Participant: 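Please read through the structure below; I'll follow up with questions.
If you're wondering where the values come from, they're calculated on a predicted model, not measured in any experiment.
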Amino acid sequence: TRGARSDALAAAENNLGVMLQSHGSLAAARPHYERALTIHRAALGDRHPTVAEMHNNLGVLLYQLGDQQGAGAHYRLALAIDEQVLGRGHPQVAEVLANLAHLEHDKGAPRSAQSLLGRAQAISEAALGPSHPAVARSLQGQRRRLRNVENVHERAPGRAVGVHLDQPVAPGVTAEVVHHQVEALAR
């Protein structure tokens with residue numbers, strides 16, 4: 001069906017974006033994330049958790065590319081959708097809040113960053129429990145990150161590791177295979 005085809009194409013576009021991003025090809029990942037967002041918005045509407053997830057993914061990528069304004073816009077859209085659809089106490093809201101906290105810290109607003117991070121931590125603790133290992137790891141990682149913010153600009157696109165079409169993405173799967181799957185679904 002058309003809906004299943006749209007879902008598969010959007011998933012393939014998103015997965016290709018994730019793969020390229022994870023291999024350091026940030027600029028090459030962007031159009032895949034943008035297409036996944038466009039497809040999901042057309043199929044699901046503007047107020048759907050999957051659309052929020054696509055906004056968050058694109059925000060993370062833009063953040064890594066050094067586009068703080070674009071990242072912030074996508075994070076805020078994701079947050080608005082998630083809070084409206086999933087509720088203010090949902091773990092997905094915590095993830096977006098943590099991303100916004102890192103962005104605020106990088107923009108030189110540590111108090112705003114701490115407030116956002118505190119809210120994210122409270123949501124995670126309420127959802128999973130304060131002694132859950134994921135909460136402890138998250139808290140440690142977030143605190144460490146806010147203390148020692150990595151300079152994502154050091155991984156400028158010209159210095160990023162490229163993805164070769166014959167490079168394995170997963171056992172027995174190459175980027176070329178994923179690329180062909182995306183092209184076939186787009187037809």
Participant: Has H105 got a side-chain atom pairing as donor or acceptor with A101's backbone, closer than 3.5 angstrom?
Facilitator: no
Participant: When rounded to the nearest 0.5 angstrom, what is the spacing between CG in N99 and CG in N56?
Facilitator: 5.0 Å
Participant: Considering non-hydrogen atoms only, spot the tightest contact between Y75 and V96 and give its length.
Facilitator: O-CG1, 3.3 Å
Participant: What heavy-atom pair brings G17 and A29 nearest, and what distance separates the two atoms?
Facilitator: O-CB, 3.4 Å
Participant: Quick one: do I39 and M54 satisfy side chain to side chain contact (heavy atoms under 4.5 Å, CB included)? Show the steps, please.
Facilitator: CA-CA 10 Å; I39 294 164; M54 296 299 107; over 6 Å; no
Participant: Would you find a donor on one side and an acceptor on the other, under 3.5 Å apart, between the side chain of H23 and the backbone of S25?
Facilitator: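 No, because the side chain of H23 does not come within donor-acceptor range (under 3.5 Å) of the backbone of S25.
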Participant: With rounding to the nearest 0.5 angstrom, report the OG to CD distance, S115 to E104.
Facilitator: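 Going from the OG atom of S115 to the CD atom of E104 covers 10.0 Å.
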Participant: A side-chain contact here means heavy atoms from C-beta on lying under 4.5 Å apart; do H48 and V85 qualify?
Facilitator: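 They are not in side-chain contact.
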Participant: Report yes or no: does N15 contribute a side-chain atom to a donor-acceptor pair with the main-chain N or O of A11 at less than 3.5 Å?
Facilitator: yes
Participant: Once rounded to the nearest 0.5 Å, what's the spacing between atom CD of Q84 and atom CZ of R47?
Facilitator: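 It is 4.5 Å, given to the nearest 0.5 Å.
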Participant: Which residues satisfy the side-chain hydrogen bond (donor to acceptor under 3.5 Å, both in side chains) test with D82, sequence neighbours excluded?
Facilitator: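 Residues passing side-chain hydrogen bond (donor to acceptor under 3.5 Å, both in side chains) with D82: none at all.
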Participant: Could you pull out the closest heavy-atom pair between I123 and A94, with the gap in Å?
Facilitator: CG2-CB, 3.8 Å
Participant: Taking atom CG of D7 and atom NE2 of H40, what is their separation to the nearest 0.5 Å?
Facilitator: 6.5 Å
Participant: Can you give me the closest heavy-atom contact between A78 and A52, atom names plus distance?
Facilitator: CB-O, 3.3 Å
Participant: Quick one: which residue pairs count as a salt bridge (charged side-chain N to carboxylate O under 4.0 Å, His left out) with a foot in residues 84-98, not counting sequence neighbours?
Facilitator: E83-R88
Participant: Compare every heavy atom of P91 with every heavy atom of A127, then report the nearest pair and how far apart it is.
Facilitator: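 Residues A127 and P91, closest heavy atoms: CB-CG, 3.7 Å.
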Participant: Within the structure provided, determine whether L97 and L117 are in side-chain contact (heavy-atom separation under 4.5 Å).
Facilitator: no
Participant: Just how far is it from atom CG of L79 to atom CD of Q92, taken to the nearest 0.5 Å?
Facilitator: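 The distance works out to 10.0 Å.
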Participant: What are the two closest non-hydrogen atoms of L65 and A27, and how far apart are they?
Facilitator: CD2-N, 4.0 Å
Participant: Evaluate the side-chain proximity of L61 to N57: yes if any heavy-atom separation is below 4.5 Å, no if none is.
Facilitator: no
Participant: Can you check whether E34's main-chain N or O pairs, donor with acceptor, with T38's side chain at less than 3.5 Å?
Facilitator: yes
Participant: Mind checking whether L77 and L44 sit in one hydrophobic cluster, side chains of I, L, V, M, F, W, Y counted as touching below 4.5 Å?
Facilitator: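 Hydrophobic grouping puts L77 apart from L44.
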Participant: Mind checking side-chain hydrogen bond (donor to acceptor under 3.5 Å, both in side chains) for H74 and listing every partner two or more places apart, or none if nothing turns up?
Facilitator: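 Checked H74 against side-chain hydrogen bond (donor to acceptor under 3.5 Å, both in side chains); matches are H55.
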Participant: What distance do L58 atom CG and H32 atom NE2 have between them, rounded to the nearest 0.5 Å?
Facilitator: 13.0 Å
Participant: Report the C-alpha distance between L100 and R76 in whole Å, list the side-chain angles of each, state the deciding distance to 0.1 Å, and finish with yes or no for side chain to side chain contact (heavy atoms under 4.5 Å, CB included).
Facilitator: CA-CA 8 Å; L100 271 168; R76 283 186 276 288; 3.9 Å; yes
